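Below you'll find the structure, written out as structure tokens, and then a few comments.
Chain A is the first sequence line, chain B the second, and so forth, proteins listed ahead of strands; every chain is numbered from 1. Bear in mind that the values here come from a model prediction, so they are computed numbers and not experimental data.
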2 protein chains.
Amino acid sequence: MSAISESSAVAPATIGNVGPGFDVLGLAISGLTDRVTARRAAHDEVRIIAITGDGGALPSSVASNTAGLAATHTRRLAGREDAGIDLFVEKGIPLESGLGSSAASAAAAAHAVNQILGGPLRRVDLIGPCVEAEAIVSGRHADNVAPALLGGLVLVRSLEPRPVIQRLPVPERLVVVVVTPELRLPTREARSAIPDMVPLAARTRNAANIATFISACYSSDLGLLTDCVEDAVVAQARLPLIRGGSEAIAAARDNGALAASISGAGPSLFALCHSTIVAQSIRSAMIDAFRAAGVGADGIISPADCPGARVARSSEGG
Amino acid sequence: MSAISESSAVAPATIGNVGPGFDVLGLAISGLTDRVTARRAAHDEVRIIAITGDGGALPSSVASNTAGLAATHTRRLAGREDAGIDLFVEKGIPLESGLGSSAASAAAAAHAVNQILGGPLRRVDLIGPCVEAEAIVSGRHADNVAPALLGGLVLVRSLEPRPVIQRLPVPERLVVVVVTPELRLPTREARSAIPDMVPLAARTRNAANIATFISACYSSDLGLLTDCVEDAVVAQARLPLIRGGSEAIAAARDNGALAASISGAGPSLFALCHSTIVAQSIRSAMIDAFRAAGVGADGIISPADCPGARVARSSEGG
């Protein structure tokens, strides 16, 4: 039987911290992906041979790059610590934009490496290696890597002692708008803006909101989303860091969005709506709001139920 | 057309603060009810004529009794502030036991009063008057009055500017055990035990837990309940106030409970399980655990999908 000597995988951009689901809810979107090619090599290391599409910003050291780290952890989990792997990373998702760029590289790398090792691990097993990789770059959370691997809408039930993840039904007809302003907001800065302690009453409100959000997902009652996709603690603390952000969220609501909030740690924003027609209005209005604040912006429209990491190309070898 | 001159309504005991749903999730149970009879009278006041079953503990002043308060607020909401009403309150639910005793009296009174006024209000409209009544006695929350009125499992989405309530599906096959120790734990004391501020990480964990709980309700996947019916902040702060409580919860788990926690503000505890047979073992084990701690206890077994307030008897009059 011939083994696969090379595999290319793509993984999607993701919205983390979806609405009331800080560190808990993540959603895969379409239209932006990272691609990682893994190739068997005669050495016994994981090496990053090339990174493109990052403008030279990413480290090519395996120990500080999520693709390299995810490959290393995947190889270890598969019991193949001696397997030599060369990695080629093609970034399609902008860095530090709040769209799970580092998670997508980790997910694509883990998936490609699993392929060239003969597929010993299930897809869900790859979440652990990707969480370990993310932890180095943007904190220990799975709300980007889990949807980047599995696709769709994902609930992170717990991380310790190992990640426990659940796929949730995606409400029918839901369309997602993502608008990314030309601002840099490093994840660490966004994390430091939020308080360590929150009022119990804010916890209660958040619990009611996420309960309503989950109810909307199962019942496909989009009307329920109207008042529950907010986070009076986290999103409110971060919104002032995003110039034009408040105006863009208001513009989304004024143009028919069911809900709008910050994607991941920002500065990208997302909005949820009923239809692609409405989504086009919302995207334009949000981009205009950023421009009125002196910030360039671009946006995409995505269905809410998108695939996760998948093989883009494989080559068989001896 | 003859008007109803007298109506008796019963309302069930309820579990408030269900698992991760502090102030947010409530569940009606069967086997314990309060009954309130409302009778049209020639005066223009709300009067409490008699209270039985309370051992003389409850105030008969309308302004400090939830039945009287709920009747007053219901009459006002119906635009009938001049209607004379005599109330007869029969307590079947023990006081300050964590089983929504004050809420049940409010719900039964509101329902009975609405009947003798000709039913001008919908059932859901009665939640507001009952919340106002509860606020005087045990704080402003709806997780007991809403299931006491509507039955079943209820999500309190928000209270302000008015209560917004959603019925949730009850997982199939779910059986509830409630054990009440012979301890008094006033709601105010139980409230003062919990902190005003909680770590953000605890909020995140609670969000994941309630999201999982709601998912279990919609999918009837009882296995999901195993790790999400807990509250590391509220229940943990209150459990030391309940002698034998930790041991009783451990006994429930050891005897097949999917989950167990404090009912409302305590001291009653509840456990969730698959079947009536298992429920009988759990009830016995929990009662034995309390007795081993020197505390008498009694318990009931209830299906998880129980009716709310309902007319028990009406008399027509001129």
Side-chain angles (χ1 to χ4, degrees), chain A residues 17-25 139-143 153-160 163-169 191 193-221 223-224 226-228 230-234 237, chain B residues 17-25 139-143 153-160 163-169 191 194-221 223-228 230-234 237:
Chain A
N17 301 338
V18 178
F22 175 68
D23 275 359
V24 164
L25 292 174
R140 194 171 186 81
H141 57 102
D143 53 324
L153 178 64
V154 173
L155 166 63
V156 181
R157 290 179 52 198
S158 59
L159 279 180
E160 308 300 341
V164 179
I165 305 295
Q166 186 185 343
R167 279 288 300 268
L168 293 170
R191 284 248 159 193
I194 57 181
D196 293 331
M197 300 290 288
V198 302
L200 182 63
R203 192 194 78 156
T204 299
R205 178 149 184 195
N206 185 249
N209 282 343
I210 194 167
T212 304
F213 187 91
I214 303 298
S215 186
C217 292
Y218 276 92
S219 63
S220 281
D221 181 349
L224 290 178
T226 308
D227 292 317
C228 71
E230 60 174 29
D231 186 329
V233 173
V234 175
Chain B
N17 301 335
V18 178
F22 175 67
D23 275 358
V24 165
L25 292 175
R140 194 171 183 80
H141 58 101
D143 52 325
L153 178 64
V154 171
L155 166 62
V156 181
R157 290 177 54 198
S158 59
L159 277 181
E160 306 301 341
V164 180
I165 304 296
Q166 186 185 342
R167 279 286 301 265
L168 294 170
R191 284 250 159 192
I194 58 181
D196 293 331
M197 301 289 290
V198 301
L200 182 62
R203 193 195 77 156
T204 300
R205 179 148 184 196
N206 185 248
N209 283 343
I210 193 167
T212 304
F213 186 92
I214 304 298
S215 187
C217 292
Y218 276 93
S219 63
S220 282
D221 181 349
L224 290 177
L225 296 176
T226 307
D227 292 319
C228 70
E230 61 175 30
D231 187 329
V233 172
V234 176

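The contact between B/Asn206 and chain A is made entirely by side chain atoms (from C-beta outward), counting heavy-atom distances below 4.5 Å. Looking at A/Pro199, the atoms closer than 4.5 Å to chain B (heavy atoms on both sides) sit in the backbone and in the side chain alike. For chain B, the nearby part of A/Leu168 is the side chain; its heavy atoms alone come within less than 4.5 Å.
No side-chain N or O of B/Gln166 forms a donor-acceptor pair with one of A/Thr212 less than 3.5 Å apart.
For the options B/Asp231, B/Leu159, B/Val164, B/Ile194, heavy-atom pairs under 4.5 Å to chain A are most numerous at B/Asp231. The choice from A/Val234, A/Leu155, A/Asn209 that makes the most heavy-atom pairs within less than 4.5 Å of chain B is A/Leu155. Interface remark: of the candidates A/Val198, A/Val24, A/Val233, A/Val156, A/Val198 forms the most heavy-atom pairs closer than 4.5 Å to chain B. The residue among B/Ser215, B/Ala202, B/Ala211 with the most heavy atom pairs within less than 4.5 Å of chain A is B/Ser215.
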message = Is there a side-chain contact (heavy atoms from CB on, under 4.5 Å) between B/Leu200 and A/Arg203? Walk through the geometry before answering.
response = CA-CA 8 Å; B/Leu200 182 62; A/Arg203 192 194 78 156; over 6 Å; no
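In summary, A/Arg205 and B/Asp23 do not engage in a salt bridge, as defined by a charged side-chain N under 4.0 Å from a carboxylate O.
Take B/Phe22 and apply the ring pair (Phe, Tyr, Trp, His ring centres under 6.0 Å) test, not counting sequence neighbours, and it matches no residue. With sequence neighbours excluded, the residues forming a side-chain contact (heavy atoms from CB on, under 4.5 Å) with A/Asp221 are A/Ser219, A/Leu224, listed by chain and number.
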